[in-house]
Amino acid sequence: MMQGGEFKGQLPGDLQVNTNSAVVTKLMDSRSQTAGIVDTGEDFEEKQGWIRSWLKWCPTSMSLLRAAEKRILSYVKTPYKGQYVNIGATVGKDESKIWTISLAENSPEKLPLVLVHGLGSGVALWALNLDGLASARPVYAFDLLGFGRSSRPNFSSDALDAERELVQSMEEWRREMKLERFVLLGHSMGGFLASSYAIRYPSRVSHLILADPWGFPEKPADLSQKYPIPLWVKMIAYFLQPLNPLWGIRVAGPMGPKLIEKVRPDLIKKFSILSEDGDAKIADYIFHCNAQTPSGESAFHSLMSSFGWAKYPMINRIPSLRKDVPMTLIYGSRSWVDHCPGAMIQQMRPNSYVDVQIIQGAGHHVYADKRERFNEIVLKAAAFSDENEITRYTESQKEPERKQSVDEKEIHVAVKGPSDPQHNISKTP
């Protein structure tokens, strides 16, 4: 068992122990039916005992989530390593651990690619992309704090404080993983957090890639006029507003996976290639990711101003991103996410690298809808940073490092305010 920063006990020969960062890892060949991961998942949930877990209305546990994840990742042909990374008491008084998988770590000449998932997701939903991305460079994917198999601490109910806690947990993870610089890719909510991280820690980000990012545009003041909403819908929305976005999955209890299949058949279909019974695998994984303590989901609830918008839109903070950080934005043409911020960012950063790509036929889960095209764009962006890394890094040394101890509330509130009139948000035809 883990005692402080040291692992005590007998370990099989193929386990590697890093006692400094309290990381226990096992090389996992996803093609082997007997392959497995030794981890400390029981530290978070299974102390309650299997009987109590079985009797709960939501039949879930970390072991069930681990099994669901493993079934999905069996699709990945590239050998990968799974590990818990101890980031200390970053949020609250207790130590937190972030679940991480890594692939192709033996390619140090290439900048690593770090993947940050969206709301209600986890590392397994990158399964369709991992082989393609890892063919060119090291790849790391982790469950955000409060999501998936990572620890689920209680975050602040204040939007800016909750955001700061999530971003700080990402930085503590980076320190423990000893990644100096990397390409950072975030999807949806992960894109919002990746942007916040890049603003706060620009010297660590060689390229910021945002896949259908949530939380960028301002909430339209005339929203109710553009989209007339019946009174009864407004009343229901008012009473449901205090609830977390994915509360329905937990209310459904044992019927949660079936509910997911019925409500999101499009999402299930995207991953049907995983196996003949892929539907059940994805539904089970999403259920077990979200049927447990909704810690990260509560943090997202604090960040949002109704589901589609952020209380502190990221578009107002992009001017604070250092000019030498390249950006690539990838949108799905059929996504509900507004594409306009991409063009606005190009206008805001005329002397910076900003590439906006809209993938035809793709929805919000653009990485799964058109995985080959998505991987192609990502690898092209990463290769651009490989080629420009030496020049960019040399020039950055001539500039004073941005003071990272600045209060994030000061940063966020300072850049919040009236939008530039020439950057009004409008829907494209």
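Atoms considered below: every heavy atom in the structure, side chains included; atoms not considered: hydrogens, waters and symmetry mates. Predicted, not measured: the structure shown is a model, and the values here were computed from it.
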Just verifying a value: how many Å separate Ile72 CD1 and Ile286 CD1, rounded to the nearest 0.5 Å? 7.5 Å

Within the 4.5 Å heavy-atom criterion, are Leu130 and Thr78 side-chain neighbours or not? no

Would you say the side-chain atoms of Gln83 and Trp99 include a donor-acceptor pair closer than 3.5 Å? no

Can a side-chain donor-acceptor contact be found between Thr328 and Asp355 if the only test is distance below 3.5 angstrom? no

Please check if any side-chain donor atom of Glu105 sits under 3.5 Å from a side-chain acceptor atom of Ser102, or the reverse. yes

Between the main-chain N or O of Phe192 and the side-chain N or O of Ser196, is there a donor-acceptor pair closer than 3.5 Å? no

So, are Glu376 and Arg373 salt-bridged, with charged N and O less than 4.0 Å apart? yes

More than 12 heavy atoms of other residues, nucleotides or ligands under 6.0 Å from CD of Glu372: is that the case? no

Looking at Tyr75, is Lys77 sitting on its ring face, NZ or CZ under 6.0 Å from the six-membered ring centre and within 45 degrees of the normal? yes

Quick one: pull up CZ in Arg164 and CG in Asp158 and give me the separation to the nearest 0.5 Å. 9.0 Å

Please tell me whether Tyr197 and Gln168 have a donor and an acceptor in their side chains that are separated by less than 3.5 angstrom. no

Could you go through the ring pair (Phe, Tyr, Trp, His ring centres under 6.0 Å) check for His364 and Trp336 one step at a time? CA-CA 7 Å; His364 181 53; Trp336 56 268; 4.9 Å; yes

Any pair with a residue in residues 357-369 that passes salt bridge (charged side-chain N to carboxylate O under 4.0 Å, His left out), sequence neighbours left out, goes on the list, sorted by first then second residue, please. Lys270-Asp369

Electrostatic pair Asp386-Arg137, nearest N-O below 4.0 angstrom: yes

